[in-house]
Amino acid sequence: MRQRIAVVGGGPGGLAFARVLHRHGHPVAVFERDPAPDARPPGGTLDLHEGLGQLALDKAGLLAEFRGLSRPEGQAMRILDTDGTVLRDWRPRPDGRANPEIDRGQLRDLLLGPLDVQWGRGVTQVVPGVRDGVVVHFAVGRQETFDLVVGADGAWSRVRPAVSSATPHYTGVTVVETSLDDVDTRHPALARLIGDGALGVYGVNRGLVAQRNSGGHVKVYAQFRAPLDWHTHVDLADGEAVRASLLALFDGWAAHVLDLLRHGTAFVHRPLYVLPVSHTWTHTPGVTLLGDAAHLMPPLGAGANLAMLEGAELAESIATGADDLDEVVRAFEERMWVRAGQWATITAAGLERLVSPNPAEALALFDEVQPS
């Protein structure tokens, strides 16, 4: 009899896990608290790395479709000084596919494919160690039992407490996100400034980053060091008040750079939280974690990639491995902890350098990671 398997969370990691199991003909229940795929904005663009996210898509049989949707030109990166001087301007090679970009919404739809996700099924608690398996409690008051429950439900995971008492802590860095629509037509000067990929401008303990998405859409991220309650005297629901506060925070920067904030259409407050770099847990039969639920780290290009590869690898091991499900999961966790710990260390150090008292640290970091 095949094991009863559930994954909690319909993000990239959970969907990659379910899609690979589906490819191998193994049933899996996918529970997502959002009531529908388009219930909230999917977020910005992702760069999927060859040995991480792209490998996961290959395991799911979706690599060719991904290449048709992705934007290799989105790998371009331009760095400016706060006075508007162009310091670096990296352009990808025409055949470069190391880290092409794809919109999160497009990736979600690609992974969804034939999956039967149970939308609007928020999980409140997961209880391992019962006689018939692991019990999943839902917000609607029902419960179901499984042989394995995979927590892919993000930073504030409801599955994590079943295996770990760790909770995310604030990094000291806050991000406020805004957007520009139809940028090529409505804001052609900004479109030229941003180029085909991303633009980064770094000052003392703050930065502005703009990322081009498909369809002329641009995400802009103001990032800065501040107490968690920095907005005490700002109504975050008042877009104009947030805009004014950010413009004051970045006062003195080049006018055309600050147009990224002046023309933003809405503002979303995103303080950055992380889990401990070396987060592990005592193996608990019937429950495991992946992605942000397991190793929340700064959003520097690794998180979604790791989540997808972890989901694909675990699913592949379950579908093609031995009959001992618990041993498969135990081995997966050991591998995941080592790799995630390495990336958590890298991204924690990266955040310290990107939002730094010395803006030269940000430039030096990009010099290290960008191809020469």
Side-chain angles (χ1 to χ4, degrees), residues 7-9 11-14 16-17 46-49 51-53 55-56 125-126 128-129 134 148-175 223 225 228 270-318 326-356 361-362 364-365 368-369:
V7 59
V8 180
F17 173 76
L46 290 170
D47 57 323
L48 294 194
H49 303 186
L52 297 173
L55 179 56
Q125 186 183 20
V126 171
V134 179
L148 175 65
V149 177
V150 177
D153 51 339
W156 306 103
S157 171
R158 296 301 182 93
V159 181
R160 188 190 301 125
V163 298
S164 171
S165 61
T167 56
H169 62 271
Y170 178 51
T171 61
V173 175
T174 283
V175 173
Q223 50 196 31
R225 293 196 176 274
L228 189 55
R270 301 190 188 281
L272 299 186
Y273 287 83
V274 294
L275 283 168
V277 165
S278 58
H279 180 233
T280 62
W281 54 88
T282 301
H283 173 73
T284 303
V287 184
T288 194
L289 308 171
L290 58 82
D292 286 351
H295 47 68
L296 180 65
M297 58 186 72
L300 300 183
N305 277 277
L306 287 173
M308 290 175 63
L309 183 57
E310 290 159 5
E313 286 181 340
L314 177 57
E316 194 173 65
S317 296
I318 291 170
D326 190 57
E327 284 306 310
V328 167
V329 173
R330 188 189 297 270
F332 158 76
E333 289 173 341
E334 294 288 344
R335 294 193 305 272
M336 174 181 61
W337 290 334
V338 172
R339 183 170 56 206
Q342 294 169 344
W343 277 102
T345 300
I346 291 169
T347 55
L351 183 63
E352 288 298 311
R353 297 177 71 183
L354 286 177
V355 190
S356 164
E361 282 294 318
L365 176 62
E368 292 168 15
V369 301

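Heads up: numbering here begins at 1 and tracks the sequence. Heavy atoms only: backbone and side chains are in, while hydrogens, waters and symmetry mates are out. Because the structure is predicted, anything quoted here is derived from the model rather than measured.
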ask   = Can you check side-chain contact (heavy atoms from CB on, under 4.5 Å) on Leu148 and Val134, steps first, answer last?
value = CA-CA 7 Å; Leu148 175 65; Val134 179; over 6 Å; no

key: Separation between CG of Leu296 and CG of Leu289, rounded to the nearest 0.5 Å   = 12.0 Å

Separation between CG of Asn305 and CG of Leu46, rounded to the nearest 0.5 Å = 7.5 Å

inquiry  = Check whether Thr347 reaches the backbone of Trp343 with its side chain - one donor and one acceptor, N or O, closer than 3.5 Å.
reply    = yes

task = Decide yes or no for Val355 and Thr171: does some side-chain heavy atom of the first lie under 4.5 Å from some side-chain heavy atom of the second?
result = no

request  = For His279, enumerate each residue passing the ring-ring contact (aromatic ring centres under 6.0 Å, His included) test, keeping only those at least two apart in sequence or located in another chain.
outcome  = Trp281

request  = Please tell me if the side chains of Thr288 and Val163 come closer than 4.5 Å, counting only heavy atoms from C-beta onward.
outcome  = no

ask   = Does Thr282 offer a backbone N or O that forms a donor-acceptor pair with the side chain of Thr284 under 3.5 Å?
value = yes

Presence of salt bridge, Arg330 and Glu327, under 4.0 angstrom = yes

message = Rounded to the nearest 0.5 Å, what separates atom CZ in Arg270 from atom OG1 in Thr174?
response = 12.0 Å

message = So which atom in Leu365 and which in Gly350 form the shortest heavy-atom distance, rounded to 0.1 Å?
response = CD2-O, 3.8 Å

ask   = Quick one: does Val8's side chain get under 4.5 Å of Arg158's, heavy atoms only?
value = no

request  = Could you tell me which non-hydrogen atom of Phe17 sits nearest to which non-hydrogen atom of Ile318, and how far apart they are?
outcome  = CE1-CD1, 3.9 Å

request  = Looking only at non-hydrogen atoms, find the nearest pair between Gly291 and Glu310 and report the distance.
outcome  = N-OE1, 2.9 Å

Closest approach of Pro298 to Val274 (non-hydrogen atoms, all atoms of both residues) = CD-CG1, 3.5 Å

remark   = Value for CG (Leu48) from CG (Leu55), rounded to nearest 0.5 Å, stands at 11.5 Å

request  = Taking all non-hydrogen atoms of both residues into account, name the closest pair between Val159 and Ser157 and its distance.
outcome  = N-OG, 3.0 Å

key: His49 and Leu309: CA distance, side-chain angles, deciding distance, side-chain contact (heavy atoms from CB on, under 4.5 Å) verdict   = CA-CA 10 Å; His49 303 186; Leu309 183 57; over 6 Å; no

query = Are the side chain of Arg160 and the backbone N or O of Gly151 linked by a donor-acceptor pair below 3.5 Å?
reply = no

Value rounded to 0.5 Å, distance of CD in Glu334 from CE in Met336 = 9.5 Å

task = Please round to the nearest 0.5 Å and tell me the distance separating atom CG of Leu275 and atom OG1 of Thr167.
result = 8.0 Å

request  = Evaluate the side-chain proximity of Tyr273 to Asp292: yes if any heavy-atom separation is below 4.5 Å, no if none is.
outcome  = no

query = Under 4.5 Å between any side-chain heavy atoms of Ser317 and Arg335, yes or no?
reply = yes

request  = Compare every heavy atom of Ala302 with every heavy atom of Met297, then report the nearest pair and how far apart it is.
outcome  = SD-CB, 4.2 Å

